[in-house]
Amino acid sequence: AVPLELLFPPVCLGCRRLLRGAPALPLCSLCRPDHPPLPAAQRVVGGIEAVHAYAGPLARAVAALKFEGALELAGPLGALLSGADLLHARWDAVVPVPLHPWRAFVRGYNQAAVLARWTLHHGGLARSTLQCGLLRRRRATAPQTGQDAAARRDNLRGAFTAGPAAAGLRVLVLDDVTTTGATLGACLDALRAAGAEEVAGLALLRALA
C-alpha cells in the first residue's frame with residue numbers, strides 16, 4: 001500500500017507550499033507570523049469552544065474550503081480541530097452544522113460535514129459517531145455577515161430542528177467558524193428541545209472581537 005503521506009503530502013494552509021515533516025500547525029515559516037493566536041479568554045465563550053483565531057492564513061484556508069471548493073484543505077483543517085480536548089469527551093454523536101438543502105445543492109457540499117469527517121478521522125473516532133441526519137435546517141436564512149449578535153440570533157430563531165432520535169444522547173455540534181455563537185447556539189437549543197441529554201459546540205476558528 002502507498003503511504004498516505006506520499007499521496008497527500010503536508011502543505012502550508014496559507015500558501016500551499018510543501019512542508020517538511022508534519023508540523024502541528026501546518027503553516028510555513030512565511031505564513032506562520034501572520035497567524036494570530038486565539039487568546040485564552042476567547043477559547044470558550046458561551047459554552048462554545050474554538051481552537052484558533054479566525055484571521056490570517058487559517059481564515060483564508062477556511063474561506064477557500066467554504067467558497068472555492070478547495071476540498072483538499074479539509075484534511076489538514078480537520079487535523080487541527082481533532083486536537084481539541086472537547087472532541088474527545090464521551091459523545092454519542094458528532095453532528096456538523098447543517099446547511100439548508102438548497103444551499104447545499106448550490107454549493108455541492110456542506111463544508112462543516114466535510115470538516116467533521118476529517119476531524120473524526122484524525123481524532124481516531126469511529127465513523128458511526130458522525131450523524132449528519134440528527135440535526136436539520138428547516139428554513140433558509142439571510143447571511144449572518146454584517147449582522148450584530150441580536151440580529152444573528154433573531155435570524156436563526158427556529159431555523160434548526162432535531163428529531164426524536166436525539167433524545168437521551170450526548171451530542172457535539174461542529175462548525176468551521178463561530179462569531180457570536182448564534183448558529184451553534186441555535187443548533188444546541190434544537191437538540192435540547194428534542195431531549196438530548198448533553199450538548200456542546202466546537203468550532204475550528206473564532207472571529208476575534
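Residue numbers run from 1 in the order of the sequence given.
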Exercise. Who else is in the cluster with Leu18 when I, L, V, M, F, W and Y are joined by side-chain contacts under 4.5 Å?
Worked result: Val11

Exercise. Do Leu204 and Tyr54 pass the side chain to side chain contact (heavy atoms under 4.5 Å, CB included) test, and can you show the C-alpha distance, the side-chain angles, and the key distance before you say yes or no?
Worked result: CA-CA 9 Å; Leu204 175 61; Tyr54 181 68; over 6 Å; no

Check residues 21-37 and write down every donor-acceptor pair under 3.5 Å in which the side-chain atom is one partner and the other belongs to a residue at least two apart or another chain.
residue, atom, partner, partner atom, Å
Arg32, NH2, Leu25, O, 2.9
His35, NE2, His52, ND1, 3.4

For this session: Measure from the side-chain N and O atoms of Trp118 to the backbone N and O of Leu81, and report whether any donor-acceptor pair falls under 3.5 Å.
Result: no

For this session: Spell out, as yes or no, whether a donor-acceptor pair under 3.5 Å connects the side chain of Thr129 to the backbone of Leu125.
Result: no

Problem set entry | Heavy-atom pair with the smallest gap, counting every atom of Asp85 and Glu49 | N-OE2, 4.4 Å

Exercise. Hey, is the main chain of Val97 close enough, under 3.5 Å, to the side chain of Asn110 for a donor-acceptor pair?
Worked result: yes

Problem set entry | Verdict with supporting geometry, Leu205 and Val51, side chain to side chain contact (heavy atoms under 4.5 Å, CB included) | CA-CA 6 Å; Leu205 306 182; Val51 180; over 6 Å; no

Exercise. Which value, rounded to the nearest 0.5 Å, describes the distance between Thr183 atom OG1 and Phe160 atom CZ?
Worked result: 5.5 Å

Problem set entry | Verdict with reasoning, Val199 to Arg192, per side chain to side chain contact (heavy atoms under 4.5 Å, CB included) | CA-CA 7 Å; Val199 295; Arg192 291 189 188 100; 3.5 Å; yes

Problem set entry | Residue Arg170 excluded, over 12 heavy atoms near CZ under 6.0 Å | yes

Exercise. Is a side-chain donor or acceptor of His122 paired with a backbone partner of Pro76 at a separation under 3.5 angstrom?
Worked result: no

Seminar exercise, completed: Sorted by chain and number, sequence neighbours left out, salt bridge (Lys or Arg N to Asp or Glu O under 4.0 Å) with Arg16 holds for Glu72

Exercise. Counting N and O atoms only, with roles assigned by atom type, does the side chain of Tyr109 sit under 3.5 Å from a partner on the main chain of Gly69, one being a donor and the other an acceptor?
Worked result: yes

Problem set entry | Spatial distance of atom OG (Ser128) from atom CG (Leu120) [nearest 0.5 Å] | 9.0 Å

Exercise. Do Val44 and Leu172 sit in the same hydrophobic cluster, where Ile, Leu, Val, Met, Phe, Trp and Tyr count as joined when their side-chain heavy atoms come under 4.5 Å apart?
Worked result: no

Problem set entry | Least distance between heavy atoms, Ala112 atom then Asp175 atom | CB-OD1, 3.9 Å

Exercise. Are the side chain of Arg136 and the backbone of His100 linked by a donor-acceptor contact shorter than 3.5 Å?
Worked result: no

For this session: Looking only at non-hydrogen atoms, find the nearest pair between Cys132 and Ala113 and report the distance.
Result: SG-CB, 4.4 Å

Exercise. Checking side chain to side chain contact (heavy atoms under 4.5 Å, CB included) for the pair Phe67/Arg107: CA distance, chi angles, key distance, verdict?
Worked result: CA-CA 8 Å; Phe67 301 116; Arg107 186 172 295 172; 3.7 Å; yes

Exercise. Linking I/L/V/M/F/W/Y whenever their side-chain heavy atoms sit closer than 4.5 Å, directly or via other members, would Leu71 and Leu130 fall into one cluster?
Worked result: yes

Problem set entry | Inter-residue atom distance His121.NE2 - Ser82.OG, 0.5 Å rounding | 9.5 Å

For this session: Give, for atom CG of Leu73 and atom CG of Leu65, the distance between the pair rounded to the nearest 0.5 Å.
Result: 6.5 Å

Seminar exercise, completed: What one should report as the nearest heavy-atom pair of Ala50 and Arg206 is CB-CB, 3.5 Å

Seminar exercise, completed: Paired with Val171, the side chain to side chain contact (heavy atoms under 4.5 Å, CB included) test is passed by just one of Leu188, Asp92, Leu134, Val94, namely Leu134

Exercise. What heavy-atom pair brings Leu115 and Asp176 nearest, and what distance separates the two atoms?
Worked result: CD2-CA, 3.9 Å

Problem set entry | Straight-line distance of Leu202 CG to Thr119 OG1, nearest 0.5 Å | 8.0 Å

Exercise. Going hydrophobic residue to hydrophobic residue with side-chain gaps under 4.5 angstrom, can you get from Leu19 over to Leu13?
Worked result: no

Seminar exercise, completed: Note: Val173 and Cys187 closest approach over all heavy atoms is CG1-CB, 4.1 Å

Exercise. Out of curiosity, does Val95 fall in the hydrophobic cluster containing Leu99 (side-chain heavy atoms, cut-off under 4.5 Å, transitive links)?
Worked result: no

